[in-house]
Amino acid sequence: MRAQLARVDAVLVQALIAAALSFAHLHDVASAAGQDGWKAWAYPVSVDLLLVAAWRRLRSGVTKTAAWCWFVVALTASLGANVATAGLLDLGDVPAWLRILVAGWPAVAFLGGTLLAHSAPRATADAEDQDGEPVIEAQPELPPVPVPAALVAHARKVAAEHRARTGSVIDTSTLRARLGVPAPLAEAIAAQL
């Protein structure tokens, strides 16, 4: 446990250092491109928020293609600022193309953040087939939920107690309420009973 904590702390410290440096580089590029004051500080915030939103979507397992696309866009913006401030760009004479990129970034970040924050619908009944019947898209299967053996054993006791008391098999919603677990976990437990 202690070794894992030390590893996490080292990773967290490294992440904080990298974020602070990248934040400063993005600020410097935005400022040099004519965005001064609070606007220069808003640019690194928007890049970092887009990175976080994309990373969260990647971790959720939903629409990974879009998440990777926006992650690469935000990472390119961050990496570009880091490289630009490493002496490859004269911050006193910023080229017009970079001013255009900086000026257009808020719209790009807004689009990416909005698309990442709103999940795609699970099923669509808007489309119709040739006979005019609604077409429902197939639902993606949920990844299997790991269930500890001790929890399954406890659920079996709860289910047996329910059957003895009521004479009927316990349903998933009752099992969920009795165990105090989220719905996907309750469904995974019920499948093992």
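Predicted, not measured: the structure shown is a model, and the values here were computed from it. Keep in mind that the numbers below use all heavy atoms, side chains included, and drop hydrogens, waters and symmetry copies.
- Within the 4.5 Å cutoff, side-chain heavy atoms of W105 are placed close to those of L50.
- Distance check: I17 CD1 to S22 OG gives 13.5 Å after rounding to the nearest 0.5 Å.
- Side-chain contact between L185 and L151: present, with at least one pair of heavy atoms (C-beta onward) separated by less than 4.5 Å.
- Side-chain contact check for H25 versus S78: every heavy-atom pair is 4.5 Å or farther apart.
- Of all the heavy atoms in I189 and A155, the pair that sits closest is CG2-CB, 3.4 Å.
- The shortest distance between side-chain heavy atoms of V147 and Q192 falls below 4.5 Å.
- The OG atom of S31 sits 12.0 Å away from the CG atom of L26 when rounded to the nearest 0.5 Å.
- When every heavy atom of A190 is checked against every heavy atom of T172, the shortest pair comes out as CB-OG1, 3.8 Å.
- In the hydrophobic clustering of ILVMFWY residues, with side-chain heavy atoms under 4.5 Å counting as a link, V52 and V47 come out apart.
- There is no path of hydrophobic side-chain contacts, each under 4.5 Å, that joins V108 to I100.
- Taking CG of L175 as the reference point, atom CD of E187 lies at 10.5 Å (rounded to 0.5 Å).
- Taking both residues in full, the closest heavy atoms of Q35 and A40 are given as O-CB, 3.0 Å, listed atom of the first, atom of the second, then distance.
- Rounding to the nearest 0.5 Å places OG1 of T166 at 10.0 Å from CD of E161.
- Panel note: side chain R163, backbone V169; no donor-acceptor pair is recorded below 3.5 Å.
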**Q.** Candidate pair L49 and V45, rule side chain to side chain contact (heavy atoms under 4.5 Å, CB included), full reasoning
**A.** CA-CA 6 Å; L49 287 177; V45 171; 3.8 Å; yes
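- Scanning all heavy atoms of the two residues, the minimum distance from R176 to A183 falls at NE-N, 3.2 Å.
- Taking all atoms of both residues into account, the shortest heavy-atom contact from L98 to V94 is CD2-CG1, 3.6 Å.
- Note: the hydrophobic cluster containing V29 does not contain F23 (ILVMFWY, side chain heavy atoms under 4.5 Å, direct or indirect links).
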Q: Carefully, step by step, assess L21 and N82 under the rule side chain to side chain contact (heavy atoms under 4.5 Å, CB included).
A: CA-CA 8 Å; L21 291 172; N82 294 345; over 6 Å; no
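- Among L179, L193, T174, the one residue that satisfies the side chain to side chain contact (heavy atoms under 4.5 Å, CB included) test with V158 is L179.
- Put simply, the side chain of R57 never gets that close to the backbone of A67: no donor and acceptor are under 3.5 Å apart.
- Atom CG of L116 is separated from atom CZ of F71 by 11.5 Å, given to the nearest 0.5 angstrom.
- Minimum interatomic distance between A159 and I170 (heavy atoms only, all atoms of both residues): CB-CG2, 3.7 Å.
- At a threshold of 4.5 Å between side-chain heavy atoms, the hydrophobic network of Ile, Leu, Val, Met, Phe, Trp and Tyr places L101 and L111 in one connected group.
- Here CG of D48 is found 14.5 Å from OH of Y43. Values are rounded to the nearest 0.5 Å.
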